[in-house]
2 protein chains.
Amino acid sequence: MDPGVADVTVRDAVTVRDTATRGTATRDVTLRDVARASGCSVATVSRVLAGTRPVGADTARRVRAAAEELGYRPNHAARALRSRATGTVGLVLPQITNPFYPALVRELTHALHAEGRAVLLADCDDDPVAEAGYIDDLLARRVDALLVVPADERRSRDAVAAAAARVPLVLMDRGCGPGVADSVAVDNSAGMALVLDHLAATGRRRVWFVGAEGTASAAAERRAAYAAGAAVLDEGAAGRIALGDFSVAWGRAAVDLVWEARPDALVCANDLIAVGALQRLQQLGADVPGDVAVTGFDDIPMAALAAPGITTVRQPVPELAAEATRLLNQRLAGGEEGPQRAVRLAPELVVRESSGPRPTAAGDERGAEAAPGDRRGPAEAPGRATRVPAPRQVTGPE
Amino acid sequence: MDPGVADVTVRDAVTVRDTATRGTATRDVTLRDVARASGCSVATVSRVLAGTRPVGADTARRVRAAAEELGYRPNHAARALRSRATGTVGLVLPQITNPFYPALVRELTHALHAEGRAVLLADCDDDPVAEAGYIDDLLARRVDALLVVPADERRSRDAVAAAAARVPLVLMDRGCGPGVADSVAVDNSAGMALVLDHLAATGRRRVWFVGAEGTASAAAERRAAYAAGAAVLDEGAAGRIALGDFSVAWGRAAVDLVWEARPDALVCANDLIAVGALQRLQQLGADVPGDVAVTGFDDIPMAALAAPGITTVRQPVPELAAEATRLLNQRLAGGEEGPQRAVRLAPELVVRESSGPRPTAAGDERGAEAAPGDRRGPAEAPGRATRVPAPRQVTGPE
DNA sequence: TGCGATGCGGCAAACGTTATCAGCGGGCCA
DNA sequence: TGGCCCGCTGATAACGTTTGCCGCATCGCA
């Protein structure tokens, strides 16, 4: 029909920088090329490929065939310029090397890619100033939306609020002051309650909390939840609190502070603290869980890999990611006027050896099943873990 | 001078979706606005802001002032469309949850952001098919270049090669068959040699290698380097090899396979294997390092945090990132015709407790200095680590 | 058979930059 | 003093899409 089809890919061949490696680069095919090949107009091609408006059945077929044959790939830059949407989401993290975030990044990127978006990543190294810079850059790059785990409860606030005024923005994991933007996080109180219930049920009575100072949501909420729930165990528990930061080093140090009080359980505000505490306890010759139970929070990979495996509160990472993207999509779909929403998801208690039963003087009954042969299994701790979900999702308006 | 300045930001105010949260959004300022405000043409403004061509001193000043005052931010989409360069780099990873990669991502993003680029991240979940899809998408988004850690030595090859034909591409960490693209990785042989030298110097003689099967570069090169270097220790060492995969589970299982042979050192092909081996050894009541030394490879955070800390080969992550960006920039600057380059960087041995001296029946002499007080320190293992660099960087043409 | 509605397709104008080309002064040299 | 060159600036045409608007058949209905 149209004799000009065959030469489309060759015509106008532009030698970009001639020479070797990249070969003789031809212009990449545009809508115009597809239009010419399929014998209709650019507008029609655009419509059938983007599906924006119904178009005749066999015209559509011709277009699709031509596009396929020429290997047409839409130019996102042009599309972004014209339609004012890049199909891109910015993800701003405080520290990708914090062992909790890789799993979150994984789930977020998968969820977003599944709906055709791409993810621009920024790691701001726990520096709110750098964070503000990255946010600015991402906005200049015209991201459609932002996902932010703020570096600092207070000092991130201005930049985040300013960004939230320009694009849909969802805070994750950490708060950033009230009324700034939609947010998604784990229900820290429910998680702490799961831990305390478990310890109560297994007969622990002299419990200490090893937490972190500061006003960041994880630190403050877990601390408060412990204080509120521990009184049930015994009178003094609510007051037995040692505060440092969220590090392994502090976990080690804390043991030296509280060990002479002979606790029978250490409730740590996150897994890193628990790892440190466990190490120091073992150095001191304590039997975990015989003498003392240790629990963490977050369920980072290391918690499962420690020996004994650490009982911890697992954050529902896939659900957090799904909820965050859901919120984003809702805002992007025009729900910009709705009230801000703070979603809290229920965590799950993962019971491992570090809080096992006290009397059954744990000998070597476990680990035997980790025989050579099951090399392919996931890197789980040898002992079997029991999972206890919290009551279902709590979503509250601000 | 120009009385029309003040109304620039207000004129043409377009209510994007009117209503609440986002406020009444005004058009964002363009070159035209700056031009009008500074009383010159768009072309001139573009020139002074992009610095593409010299422009009169005070014109430049006027333009910059106007841009500043109006809060002009260049539109990357338009720029990308016109200049055929997006200022973005695609980063394709096999598994962000692999504990070695977060540090790499961190360094890469910092290095790239420092030169004004943004990073599009894709995690392909160890699936070469998904990987090909992500690469395709990134190319359609017109990334200027790609950084790829291929998921599979063989099955990633076609997609990577095809991509390398379209944009500058640097392979990292893992190979992808010969002649595909520039690559940057650690010198696995040198690393293994460091380990073997160290073990020889500390009197270990009955050494076993716990490695991984397969043809991937890390597995094959470390295996080969062990076989080549172990003969120096004693006659049989080169043959004492157990192969599984790169997991904690295999590390545990391997101990059960080799323990009855009473080795005095286990050389593990990476840190995850070493963690598993260490756990199982401790379960069996073995003294590490008294009875047996354990070494790893990579220096993931967990290696420092294990108790005892694991002696390992540290990959020079910042240097790997710097080298990769250097290679990219070189290609982007037009060096597309040069021969492919395979850069190998020298690693460093980090000696921790797991390979400590044998005789000094390690009691509790360490750990005491981890007194409460130094809560702020980095999450390092309590014992002091010694670092031994390998001879300097080896870069070889393909 | 005439007329409005409807469905499909084309034309052309944006989107905000960069790059090419030409104009227009002023200085320098003859 | 006239011609040339050069340094600076302004118009303007792209870059590849999307989209509003209009025309043209076709179809149903009276």
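All chains are named by letter (A, B, ...) in the order of the sequence lines, taking the proteins before the strands, and each is independently numbered beginning at 1.
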Whole angstroms only, please: what is the CG-P distance between L31(A) and dC11(C)? 15 Å

Contact list please: residues 42-58 of chain A against DNA chain D, heavy atoms, distance less than 4.0 Å, in numerical order. A43(A), S46(A), R47(A), T52(A), R53(A)

Donor on one side chain, acceptor on other, D173(A) and Y101(A), under 3.5 Å: yes

Distance in angstrom units between R32(B) CZ and dA14(C) C1', rounded: 11 Å

Expressed in angstrom and rounded to an integer, what is the separation of R84(A) atom CZ from dA14(C) atom P? 14 Å

Is it true that a side-chain atom of R141(A) and a backbone atom of T88(A) form a donor plus acceptor pair closer than 3.5 Å? no

Taking 4.0 angstrom as the limit, do R142(B) and D28(A) come out as a salt bridge? yes

Indicate yes or no: does R174(A) engage D152(A) in a salt bridge with an N to O separation below 4.0 Å. no

DNA chain D nearest-nucleotide lookup for C40(B) and R79(A): closer to the 5′ end is C40(B)

Looking at L328(B), V170(B), V343(B), which hits side-chain contact (heavy atoms from CB on, under 4.5 Å) with E323(B)? V343(B)

Roughly how many Å is it from CG in L70(B) to C1' in dG16(C), rounded to a whole number? 15 Å

Phosphate OP1/OP2 of dG10(C) contacted by S41(A) side-chain N/O (<4.0 Å): yes

Students should find that the nucleotides of DNA chain D closing off the region near chain A, any atom under 4.0 angstrom from a heavy atom, are dG16(D) to dC21(D)

side-chain contact (heavy atoms from CB on, under 4.5 Å) with L91(A): which of V148(A), L146(A), V143(A), V105(A)? V105(A)

In this structure, CG of D144(A) is separated from CZ of R84(A) (nearest 0.5 Å) by 12.0 Å

Roughly how many Å is it from CG in L81(B) to P in dG16(C), rounded to a whole number? 12 Å

Side chains of N329(B) and R117(B) only: does a donor on one sit below 3.5 Å from an acceptor on the other? yes

